Novice: 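Dropping a structure here in C-alpha cells format, bear with me for questions.
Within every chain, numbering begins at 1; the chains are lettered A, B, ... in the order of the sequence lines, protein sequences first and strands thereafter. Remember, predicted model here, so these are calculated numbers, not experimental data.
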Amino acid sequence: MSGATRPPEELVRLPGHAMATALHAREVSSRELTEAHLAVAERQNPALNAWLTLDRDGALAAADEADRRLAAAGSEAGAAGTAGAPGIGDLHPLFGLPVALKDLVSMAGGQCTAGSRILSGYVAPYDAHITERLRALGAVILGKTNMDEFAMGSSTEHSAFGPTANPWALGRVPGGSSGGSATAVAAYHAPFSIGTDTGGSIRQPAALTGIVGLKPTYGRVSRYGIVAFASSLDQIGPFGRDVRDAAALLHAVAGRDARDSTSAPIPVPDELLALPDDEKAAGSLRGKRLGLPREYFVAGMEPGVEARVREAVAALEAAGATVEEVSLPHTDYGLATYYIVAPAEASANLARYDGIRYGPRRGEGDTLGNYLRTRGEGFGAEVKRRIMLGTYALSAGYYDAYYLKAQKVRTLIKADFDTLFDAGFDALVAPTSPTVAFPFGARMADPVSMYLSDACTLPVNMAGLPGLSIPCGLSDGLPVGLQLIGPAWSELELFRLGRGYEAITADADWRRLEPAELVLADDPATPSPMERVAAGAAR
Amino acid sequence: MATLSRSEVEHVAHLARLGLTEAELGRLEGELNHILDQYAVLAQLDTEAIPPTAQTIELENILRDDTARPSLPVEAVLRNAPDSRDGFIVVPAILEGTGRSPG
C-alpha cells in the first residue's frame with residue numbers, strides 16, 4: 001500500500017505540508033510518520049530534554065485511527081470510481097501528523113506541570129480547547145514539552161525539570177519559556193508544536209532555534225484549559241519549521257470558544273491554508289509598506305544580529321517593498337511596564353496554588369503554615385521573585401505608583417503602534433531577540449539581564465498585537481530571527497509577508513544548514529543539559 | 001523610587017503566603033531592589049491625563065443563557081485533591097484556636 005519506504009531520518013525532515021501530501025496520497029501512513037518522530041524524540045531526549053513526557057501509546061492509537069479514516073475515505077472513493085477521494089480533500093493539513101504541546105496545555109488524563117513542582121502529580125481532568133480541536137481534526141499529539149516554570153523565563157533554565165538544550169549548540173539555551181516546543185520542532189521531533197507567549201515566549205525561542213513562531217493577536221486563540229500566567233498578555237501560538245506549517249497550526253486552533261470570554265468572535269481566514277507559492281509570494285512583496293522601528297536597534301544588540309536583520313530588510317526592499325525608518329518612542333519603557341503588569345497578574349493567578357484542591361500539600365496541619373510551606377517549597381526562585389514583585393506592586397500604598405502607572409504607560413506603548421498602523425504601514429520589521437542563543441548560566445545570576453532578552457518582543461504583548469518570528473540567517477553559526485509585527489487580526493498578512501521573505505531567500509546557503517549538534521544529540525554518551533549545568537557550576 | 005527594606009520583603013512574602021528561608025529573603029532583598037531600580041524610568045513620563053489600559057481588544061461583555069449544563073464528575077475533580085472524604089475536600093480546621101495570628 002505504501003510506496004517506496006522512506007527512512008525515518010528522511011521522513012521527519014519533510015515540511016509538515018509535504019508530510020500531509022504524502023499521507024493523503026497514501027505514500028506513507030500516519031503510523032509510519034508517528035513512529036519515525038517518536039524514534040528520533042526518544043533517542044535525542046536525554047541530550048536535549050525537550051520533552052517532559054512522550055505519550056507513545058496515545059500517539060500510536062491516534063495515528064492508527066487516522067490511518068483507519070484514511071483507508072475508509074480511500075475505499076469509498078474507489079467504490080464511487082472518482083479520481084479525487086471525497087473525504088480526503090476535506091482533511092485538515094494537520095490530520096494524522098505529529099504535534100507537541102507545551103506542558104501547560106491540559107490533556108485529559110495526562111500530566112500538566114507548567115514546569116513546576118507545585119503541580120507534580122496533578123492529572124488534568126479535561127482537555128484544553130486547543131487539545132479538543134487538535135484531536136477533532138485528527139492530529140497526533142506526541143507528548144508535552146519542557147518550559148520555564150509557569151512560563152516565566154527566556155531560557156527554559158527555570159524549569160523544575162532541568163533546562164532544554166539548543167540543537168544548534170548543546171551548551172546553549174533554546175530560549176524560553178517555550179524552549180521545549182521550539183527544540184522539538186527544530187530537532188525534527190515533530191513538525192508542529194504549541195507554545196504560549198506572554199512577553200516573547202514563542203518568538204524568542206523560535207529565533208534562537210532557527211524556526212518560525214507566531215504570537216497571535218490577543219483573543220485569537222481560546223485559553224480554556226491552559227495554565228494562566230498573566231491573563232491580559234498570555235496568548236497561545238504555533239511553531240513550525242516554515243511559514244506554511246505555522247499558519248496551518250494557527251488555523252487548527254484559532255477561533256471563538258464560549259469557555260474563554262476573551263476569545264474574540266473574529267473569523268479565522270481559510271486562506272491560512274493556501275499561502276502563495278514562491279513566485280507569487282515573492283511578487284506580493286512589491287508595494288508593501290514596512291516600518292523599521294529605530295528603538296529596536298539599540299544597546300545590547302549583537303552586531304551579527306543587527307547585520308542579519310539589516311540584510312533581510314535590504315532583501316525585502318530589493319523585492320519591491322518600501323522600508324521606512326519609524327519611531328516607537330515609548331519602547332524604552334516597555335521593560336519596566338511589563339515587569340510590573342505581568343508579575344502583578346501572575347501574583348493573583350498563582351494564588352490558587354495553595355495545596356488545598358490539587359498539587360502536593362505540605363506543612364504541619366494549620367492553614368497558614370500549610371500555605372507557607374506548600375508555596376515556599378513548591379515554587380522555584382524565579383516564580384517567587386515574580387510573585388513578590390507583583391504582590392508588592394499591588395499592595396496598599398504602592399498600587400497607584402506601580403500598577404496604575406504601568407497601565408497608563410501601557411496605553412502610550414499601544415498608541416505608538418496604533419499611530420504607525422493608522423498611517424498605513426502594513427507591518428513593522430525588527431529583530432526578534434537582541435542576541436543569539438546564550439550559554440547555560442549566562443543570565444541566571446542577574447534577573448534583569450534575563451528580562452532584557454525580551455526587550456524586542458514584550459511591547460507587542462503590551463499592545464495585544466500579532467508578531468511573527470522567522471529565521472533570517474546565522475551569526476557565529478547560531479540562528480537569528482526576524483520579527484514582523486502587524487495590526488490586530490493581521491496574522492494572514494504577516495504569514496504572507498513571511499512567505500514572501502522565504503521565497504526571496506529560498507536559495508540562501510543558510511537555509512540548507514541543519515542544527516549543528518543534532519549528531520551529538522543522537523549519541524547516548526552526550527551529557528544531559530542537567531549534567532552540563534552542574535559541570536558549569538562546578539567550574 | 002522606593003527601596004525595599006528587609007522587613008518589607010518579609011511583609012510582602014507574608015502577603016503572598018510564601019514561606020521563605022533566611023537565605024531566600026536576603027537574596028530577594030537585593031534582587032527586588034535591583035528590579036525596582038528599573039522601574040524608575042517610568043517616573044520620567046507624565047501620565048496624569050492618560051487613561052489606563054487593562055486589556056487590548058475591544059470586546060463587550062456578552063451574557064450567555066443561564067442554562068444547566070453537565071460539569072465534570074465529582075470523582076474526576078477530587079482525584080487531584082490531597083485529601084478528600086465523602087465528596088468533600090478535607091482541609092485543616094480554621095475555626096479552632098491554633099495559637100497563630102491569621103496575619
Novice: Is A/Asp446 close to chain B through its backbone or its side chain, or both, or neither, when contacts mean heavy atoms under 4.5 Å?
Specialist: side chain

Novice: Between the side chains of A/Arg386 and A/Ser347, does any donor sit under 3.5 Å from an acceptor?
Specialist: no

Novice: Among A/Asp354, A/Leu233, A/Leu389, which residue forms the greatest number of heavy-atom pairs with chain B at distances under 4.5 Å?
Specialist: A/Leu389

Novice: Any ion pair linking B/Glu75 and B/Arg79 (charged N to carboxylate O, less than 4.0 Å)?
Specialist: no

Novice: Go through the atoms of B/Gln38 and report whether side chain, backbone, both or neither lie under 4.5 Å from a heavy atom of chain A.
Specialist: both

Novice: Relative to chain B, which segment of A/Pro447 carries a heavy atom at a distance below 4.5 Å: side chain, backbone, both, or neither?
Specialist: side chain

Novice: Just wondering, do B/Leu25 and B/Glu10 contact through their side chains at under 4.5 Å, heavy atoms?
Specialist: yes

Novice: Anything under 30° is parallel, anything over 60° is perpendicular, the rest tilted; go ahead and classify A/Phe421 against A/Phe417.
Specialist: parallel

Novice: Is the shortest distance from a Lys or Arg side-chain nitrogen in A/Glu377 or A/Arg117 to a carboxylate oxygen in the other one below 4.0 Å?
Specialist: no

Novice: Output the option from A/Arg373, A/Arg385, A/Glu345 having the highest count of non-hydrogen pairs under 4.5 Å with chain B.
Specialist: A/Arg385

Novice: Return the option, out of A/Lys414, A/Arg375, A/Lys408, A/Arg410, with the maximum number of heavy-atom pairs under 4.5 Å with chain B.
Specialist: A/Lys408

Novice: Under 4.5 Å heavy-atom distance to chain B, tell me which part of A/Ala488 shows up: side chain, backbone, both or neither.
Specialist: neither

Novice: Relative to chain B, which of A/Thr217, A/Leu412, A/Leu465 shows the most heavy atom pairs under 4.5 Å?
Specialist: A/Leu412

Novice: Please classify the contact between B/Leu28 and chain A as side chain, backbone, both or neither, with a heavy-atom cut-off of under 4.5 Å.
Specialist: side chain

Novice: Could you tell me if B/Thr67 and B/Asp65 have a donor-acceptor pair between their side chains, going purely by distance under 3.5 Å?
Specialist: no

Novice: So A/Arg259 and A/Glu132, salt bridge (charged side-chain N to carboxylate O under 4.0 Å, His left out) or not? Walk me through it.
Specialist: CA-CA 13 Å; A/Arg259 296 167 299 186; A/Glu132 279 180 5; 2.9 Å; yes

Novice: Examine whether an atom of B/Leu45 lies under 4.5 Å from a heavy atom of chain A, and if so say whether it belongs to the side chain, the backbone or both; otherwise answer neither.
Specialist: both

Novice: How about A/Tyr353 and A/Phe150: are their ring centroids closer than 6.0 Å?
Specialist: yes

Novice: So for A/Ser261, is it side chain, backbone, both, or neither that comes closer than 4.5 Å to the heavy atoms of chain B?
Specialist: backbone

Novice: With chain A, which of B/Arg64, B/Glu24, B/Gln55, B/Arg27 has the greatest number of heavy-atom pairs at distances under 4.5 Å?
Specialist: B/Glu24

Novice: Counting only non-hydrogen atoms closer than 4.5 Å, does A/Lys384 touch chain B with its backbone (N, CA, C, O), its side chain (CB onward), both, or neither?
Specialist: both

Novice: Let's test your reading of the structure: which of B/Pro73, B/Ala13, B/Ala76 forms the most heavy-atom pairs below 4.5 Å with chain A?
Specialist: B/Ala13

Novice: Check whether the ring centres of B/Tyr39 and A/Tyr333 lie less than 6.0 Å apart, and answer yes or no.
Specialist: no

